[in-house]
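Contents: one structure, followed by commentary.
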Amino acid sequence: MINRCKEAAKKFPVVWYVWYIVTGNTPEKREYIVDEEQKVIYLMNSKAACSSIKVSMLKRKDVPDDYSIHYIDDHSKMQQDLFSDDDWFKFTFVRNPFSRLVSCYESKYHADKKFVGKTKEVLDFDEYLGGYMKEDKGFPHFVDQVVKIPDRFADRHFRSQYRLLAGKEKEPAFDFIGKMENLEEEYRPIQEKYGFDPIKVYNRVEYGDWRDYYTEELVRKVYRKYKKDVEFFGYGEDYRDLLAYCSQKR
């Protein structure tokens, strides 16, 4: 029965959603990095400098530029619901959803393969949704698969950043939401106020100009999927610029 479900899920991911409900599985929990002493909490948002911020907050200069920082469980907190204590300083960073998806595609199909099996922190496409995304058939196919996954069951790499931050509320309740594109400038006041280490780039994925992965059709598909991210976090101009860039390539 399980094997038949897995085979069906490769073509019809809805099978996995039903399977989750039947078996009592739940979507991935939110992960936070916690500074108990200063009452600071950071919501980790995948592919938005979370490794760099975690290294900074934990002051781990000994950690190499790989996924080692995610092997460290100290000061981490996992929970389904959003952290809501008003006495704490709550912050996170978001990223342009178009570049974020390209980074995810390149890292998870290519750069991250050497880490698979070493840590639960590395998303393994061979296992995710029963192998639904196992084969790399190019970025357009990857986009087609991602947009079919409802946020309720999506790994946080694919979940709408707005939904990750807002949960069931109407709007995200954070003291600060920065943009990864302005990471060094926007993180510095937090780093200096709470005595964290200066930010450094960790786990950079090299893939050239991310805009070249897109066509106008793909841009619109991703926009429909992440429309709330684009509009609420101020990426509307980036969306229009990307469409213009793709139009010029025709």
Side-chain angles (χ1 to χ4, degrees), residues 9-17 27-28 43 45-50 92-112 123 125 128-172 177-183 204-250:
K10 292 178 183 179
K11 294 183 178 180
F12 308 104
V14 69
V15 173
W16 271 104
Y17 312 149
E28 181 178 291
L43 172 62
N45 179 22
S46 297
K47 309 310 297 177
C50 58
T92 192
F93 275 76
V94 295
R95 182 176 181 176
N96 178 331
F98 302 98
S99 68
R100 183 174 184 258
L101 208 54
V102 172
S103 178
C104 185
Y105 168 75
E106 283 295 343
S107 66
K108 297 307 169 188
Y109 273 121
H110 307 136
D112 289 358
L123 175 62
F125 280 166
Y128 181 57
L129 292 180
Y132 168 63
M133 305 180 76
K134 182 175 182 178
E135 297 180 52
D136 177 9
K137 296 181 180 179
F139 186 69
H141 183 259
F142 172 74
V143 169
D144 285 340
Q145 290 182 306
V146 168
V147 299
K148 293 175 183 176
I149 305 174
D151 276 344
R152 182 182 176 188
F153 299 102
D155 179 271
R156 71 183 183 205
H157 291 80
F158 310 127
R159 192 181 303 174
S160 160
Q161 296 172 88
Y162 182 89
R163 183 181 176 103
L164 179 69
L165 273 61
K168 298 178 182 178
E169 304 300 324
K170 292 183 178 179
E171 290 189 2
I177 300 174
K179 287 186 174 183
M180 196 197 82
E181 293 80 12
N182 308 322
L183 177 64
R204 185 194 299 273
V205 180
E206 301 293 345
Y207 44 76
D209 192 335
W210 60 268
R211 297 177 300 173
D212 291 332
Y213 285 70
Y214 282 94
T215 62
E216 292 174 81
E217 179 184 4
L218 287 178
V219 173
R220 291 191 173 92
K221 282 184 181 180
V222 174
Y223 174 73
R224 287 193 294 270
K225 172 71 173 178
Y226 299 113
K227 181 178 180 180
K228 198 75 173 180
D229 293 7
V230 172
E231 295 180 349
F232 186 85
F233 298 123
Y235 289 107
E237 185 175 350
D238 300 81
Y239 165 59
R240 292 184 289 273
D241 288 347
L242 182 56
L243 277 175
Y245 180 83
C246 294
S247 177
Q248 293 171 1
K249 293 193 301 181
R250 288 186 300 180

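By the 4.5 Å heavy-atom criterion applied to side chains, Phe232 and Leu165 are not counted as neighbours. Within the 4.5 Å cutoff, the side chain of Val94 has no heavy atoms near those of the Tyr162 side chain. You'll find the side chain of Tyr214 reaches within 4.5 Å of the side chain of Val102, heavy atoms only. For the pair Phe233 and Asp238, the minimum side-chain heavy-atom distance is 4.5 Å or more. Using a 4.5 Å heavy-atom cutoff, the side chains of Phe142 and Leu101 are in contact. Taking 4.5 Å as the limit, some side-chain heavy atom of Ser103 sits within range of a side-chain heavy atom of Arg95.
With rounding to the nearest 0.5 Å, the separation of NZ in Lys47 from CZ in Phe158 is 10.5 Å. Here the straight-line distance linking atom CG of Leu242 with atom OH of Tyr213 works out to 13.5 Å at 0.5 Å rounding.
Partners of Asp144 according to the salt bridge (Lys or Arg N to Asp or Glu O under 4.0 Å) rule, which considers only residues two or more places apart in sequence or in another chain, are Lys221.
Ring pair Phe98/Tyr239 is parallel by interplanar angle, where below 30° counts as parallel and above 60° as perpendicular.
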Step-by-step side chain to side chain contact (heavy atoms under 4.5 Å, CB included) determination, Gln161 to Ile177:
CA-CA 11 Å; Gln161 296 172 88; Ile177 300 174; over 6 Å; no

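Closest heavy-atom contact between Arg211 and Lys249: O-NZ, 3.7 Å.
Checked by atom type and distance alone, the side chain of Arg100 pairs as donor or acceptor with a backbone atom of Ser46 at under 3.5 Å.
For the side-chain hydrogen bond (donor to acceptor under 3.5 Å, both in side chains) condition, the pairs that include at least one residue of residues 224-236, sequence neighbours left out, are Ser160-Asp229, Glu181-Tyr235, Tyr223-Glu231.
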